[in-house]
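Just so we're clear, the structure is a prediction, and the values are computed from it rather than from any experiment.
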Amino acid sequence: MAHAETHDPNTPLEYRSETGRLNILGFWIFLGAEVALFATLFATYMVLTHRIADGPALGELFEVKSLLIQTFLLLTSSFTCGLAVHEMRRHNVKGLMLWMIITLGLGLGFLYFEIQEFLHFIHEGANIGTSAAWSGFFVLVGTHGAHVTFGIFWVTMVLIQVAKRGLTPATSAKVFITSLYWHFLDVVWIFIFTAVYLMGMVMHHG
Amino acid sequence: MKWDEFFVTGDPMIYGADVSIVLTMVGILFYLTRYKKWKWLWTEWLTTVDHKKLGIMYIVSAVLMLFRGGVDALLMRTQLAVPEAKFLDSQHYNEIFTTHGTIMIIFMAMPFLIGIINVVVPLQIGARDVAYPYLNAVSFWTFFIGAMLFNISFVIGGSPSAGWTSYMPLASNELSPGPGQNYYLWGLQIAGIGTLLTGINFLVTILKMRAPGMTLFRMPMFTWSSLVTMVIIIFAFPILTVALALMSFDRLFGSHFFTLQGEGMDMLWANLFWLWGHPEVYIVILPAFGIFSEIISTFSKKTLFGYKAMIWSMLLIAGYSFLVWVHHFFTMGSGAAVNSVFSITTMAIGIPTGVKIFNWLFTMYRGKIQFTTPMLWSLGFIVNFVVGGVTGVMLAMAAADYQYHNTYFLVSHFHYVLIAGTVFGCFAGLIYWYPKMFGYKLNERIGKWVFWLFTIGFNVCFMPQYFLGLDGMPRRVYTYSEESGWGPLNMVSTLGGFMMGIAFLVLVYNMYYSFRFAKRETTGDAWGGRTLEWSTPSAMPPFYNFAKIPEVTGLDHFWRQKQAGKVEKLTAKDIKKIHMPSNSGVPFIMGSFFFVLGFGFVFDWIWMAFLGGIGVIGTLIYRSFEYDDGYYVSVEEVLETEKISK
Amino acid sequence: MANKTAANGHGGFPWKHLIGFLLSIVLTLVALWVALETDLSLTWILIIIFGFAFLQAALQLLMFMHLTENSTSTKLTGRVQVGNILFAAFVAIVIVVGSVWVMTAGHAKHDKHDEPKTENHGEHGGEEKSEEHGSH
């Protein structure tokens, strides 16, 4: 098209087609919208965080151990996802697949511990209908969890396409976009870690 | 659920609507079958990814919604014409002002403008299509399905009645039981997805698809206004998405975000709603500003005065629009500090808007003005919009707002900005670009009748409402007493409303009349335009828009070329094969699944919502595995379309 | 920095990723320690842990996500990406800080009935009157 230009062979595959370039930029902008979406959930949570009605306080049920496990699983998965893209840029399909599958495994592990934690809270008498504060908690953290779940399916889908078609400008753009998505979920988690868990525990104990 | 709960029963007007809906459906089916149009409908429209056709479909839907919303308005005005009228009962009145507001903002104003943006922006920047044509079709179908879902509420299940703002706790399960409020939640949610995707699509289109030489500061003003609008859409719509989802959770799953129980916070809904709602105001006004800028410049035969000032003021508005939302609920009582800050930001946002008024005035100054109908609408806009703007500044003062709040003063204010701004803009843009869409102009003589009928009717309708408001008449009351003394002004207002209704009918008649009798345009430049959309050789650009992508050397490139007598003529050697995206039926099918999903949630039939959701995900997966790179239009076909001999 | 194209920085050992990862872990642990193990005032704790959160978000964006990378030889995409994220951060802060401020200031605060009334009512005298004018 109008903007097609010649690239030196060093240009990563994902930027070589016009569609790839457009899609990657578009996805960045979509992430901006996601920031606004999560910001609204954070705002809701922060406004409601002390409104616990007859239910338990948030910080009362948070546990450092579970929090750290989840955080490290997701942090590491973001790192391995970055390595996968690094390998992709070296045209190493095997490396890409390996690191991405490890990423997926870590993501699944994160989900497992998150669900365990949710079940634990529900067992302790805190569910979405307990109080405004817990509604805010479950929907904010749950939306992040739903994103991770969606991400696992999406990455799997893209990996199947890479396995079938190899690395092309089209498939590599897809891998790159899913990697942006995955890293972004870690960015959101950083703020959940801080605004929900750390603040909740500080407010409760401190 | 029994059938008589599923269908709305008991009101003769609703039965009339039932009959007319069925008759229209039968009529359409008969027409399509009789004239063998099914295949045409499918290949030319339902599966299209052409931005011009999608734009036309947006505009047609918006005009239909304008009719629906307008009928709602006239029903309200009829009820209010005299004191203690018995035309509508209170519940019915509540439903009608709710659907009127929601439809006019979400399903009329926005799609009308997005439709014009769809048709015009790619042409103005010299592109063959948008960045993501397939996604553009998804946007349209999710909007359309959302609109349909919302609209069927008045015959199936019952309409929402908590106002277009749907404040809690009024919109809660306890006070608004039944499917009505769910229609609001899911209709808006589904349409909102489409709007967000449009935002991303057109932002990337404008940033990345411009013709060579068209730097950002050489873009036409309408393209600029669209760009800024898209930025606001991208960051405002997710807020609405979340707010609607949270209210849905409250209604479906028993969470306590906005409820009175469980220490929920009803005013948090208002806060989130207006965090989206105020940027939304700018989403529906900025494109209109862009339209007026193009029209005033064209018919004054001058470059827009203060082009850069205009751009910077719009960019400022993009940021400011997120900083004023609390002025919608000063009376909540957040305290002097909060109200003062938002009072000041609200008054400050008037400044960049004021700058623009002067830009338009100075563009006309010493220009050779042609009083065509689009120009008349633009002039009418300046005069009437200023009235709305000035009363807006009055409302911005928090202390005074305690008096104006929830009265007809406010109602009149926002109709003065939304009708004189957005609706005038839509009409002006529709008439201005009509030859680009259909190959002929709307009749100018009838058009002037429409303008004067509508503008006079508009002032007769809404000017009295300022005084009714100052006299204390609250909004959203379904009737008032004789003693209040509000009867005469209300009668005047109603007469004005019907004048606007007549103007709308004349506009529709003009479409028919011009379709039959208007002279067909022979060139692409119907009005003596300045921007690239007028540079195509044929009146209606072919599906690939430009046989050869233009190269731009400055602002108003096409105009300056014409002035210098150097308009390039295409020759056979300029033509190369053209890459275009393929049509796809998937967006339409995805939209249909969204309907199933929304309808399921509306009636709390989770199995149905689940099936719809599976369908939506299925179409997403199908698309992911589909590697369709489009196709090439051969040189021969282009030559034939452009009527160039080898 | 903004000028670098995507062509740079691939091949070889992924130092950038490793450094980013290690810094993230350090920031996470220090934030946890500041929050739970120090005797700083609440305000300081919040400032520090949120400062770390934004820092760590920036790390992800720059070290892992190639935020400033341009897809073509022009600088457009990198600038758009950076501008987009900065505006997103602006909107996010407005939404969160604005909502918390608006919903907890003035008489909105009194909405919460069963909280022990420990806050100072003196400065809110003006708002009490507003209840009479409320839009009920």
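- In this structure, Trp325(B) and Phe342(B) have perpendicular ring planes: the angle between them is above 60°, well past the 30° mark.
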Step by step, would you call Met230(B) with Leu227(B) a side chain to side chain contact (heavy atoms under 4.5 Å, CB included)? CA-CA 5 Å; Met230(B) 296 309 148; Leu227(B) 178 111; 5.9 Å; no
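- With respect to the salt-bridge test (charged N to carboxylate O, under 4.0 angstrom), the residues Lys94(A) and Glu87(A) do not qualify.
- Heavy atoms closer than 4.5 Å to chain A are found nowhere in Leu197(B), neither backbone nor side chain.
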### Task
Evaluate the side chain to side chain donor-acceptor pair (under 3.5 Å) criterion for residues Trp182(A) and Ser77(A): first the C-alpha distance (whole Å), next the side-chain angles of each, then the deciding distance (0.1 Å), finally the verdict.
CA-CA 8 Å; Trp182(A) 198 268; Ser77(A) 82; 2.7 Å; yes
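- Using a 4.5 Å cut-off between heavy atoms, Ile239(B) touches chain A through backbone and side chain atoms alike.
- Contact of Leu22(A) with chain B is made through backbone and side chain together, with heavy-atom distances under 4.5 Å.
- Applying the side chain to side chain donor-acceptor pair (under 3.5 Å) test to pairs two or more places apart or on separate chains, none has a residue in residues 133-143 of chain A.
- Using a 4.5 Å cut-off between heavy atoms, Leu246(B) contacts chain A through its side chain alone, with no backbone atom that close.
- Taking the centre and axis of the six-membered ring of Phe27(A), the NZ or CZ atom of Lys174(A) falls outside the cone set by 45° and 6.0 Å.
- Looking at Asn127(A), neither its backbone nor its side chain comes within 4.5 Å of chain B, counting heavy atoms on both sides.
- Interface remark: of the candidates Asn271(B), Asp250(B), Leu268(B), Leu268(B) forms the most heavy-atom pairs closer than 4.5 Å to chain A.
- Put simply, of Thr19(A), Asn23(A), Ile160(A), the one with the most heavy-atom pairs under 4.5 Å next to chain B is Asn23(A).
- Chain B forms the most heavy-atom pairs under 4.5 Å with one residue out of Ala43(A), Ser131(A), Ala39(A), and that residue is Ser131(A).
- Of the atoms belonging to Phe258(B), not a single heavy atom falls under 4.5 Å from chain A.
- Proximity of Met88(A) to Ser179(A): side-chain heavy atoms (C-beta onward) are nowhere separated by under 4.5 Å.
- Interface remark: Phe237(B) contributes no atoms to any contact with chain A (heavy atom separation under 4.5 Å).
- Your options are Phe253(B), Phe235(B), Tyr132(B), and the one with the most heavy-atom pairs under 4.5 Å with chain A is Tyr132(B).
- By the 6.0 Å and 45° rule, Arg623(B) stacks over the aromatic ring of Tyr134(B).
- Chosen from Leu25(A), Val158(A), Val139(A), the residue pairing most often with chain B at heavy-atom distances under 4.5 Å is Val139(A).
- Heavy atoms closer than 4.5 Å to chain A are found in the side chain of Leu203(B), but not in its backbone.
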Exercise. Determine, stepwise, if the pair Gln161(A) / Ser624(B) fulfils side chain to side chain donor-acceptor pair (under 3.5 Å).
Key: CA-CA 9 Å; Gln161(A) 292 173 34; Ser624(B) 177; 2.8 Å; yes
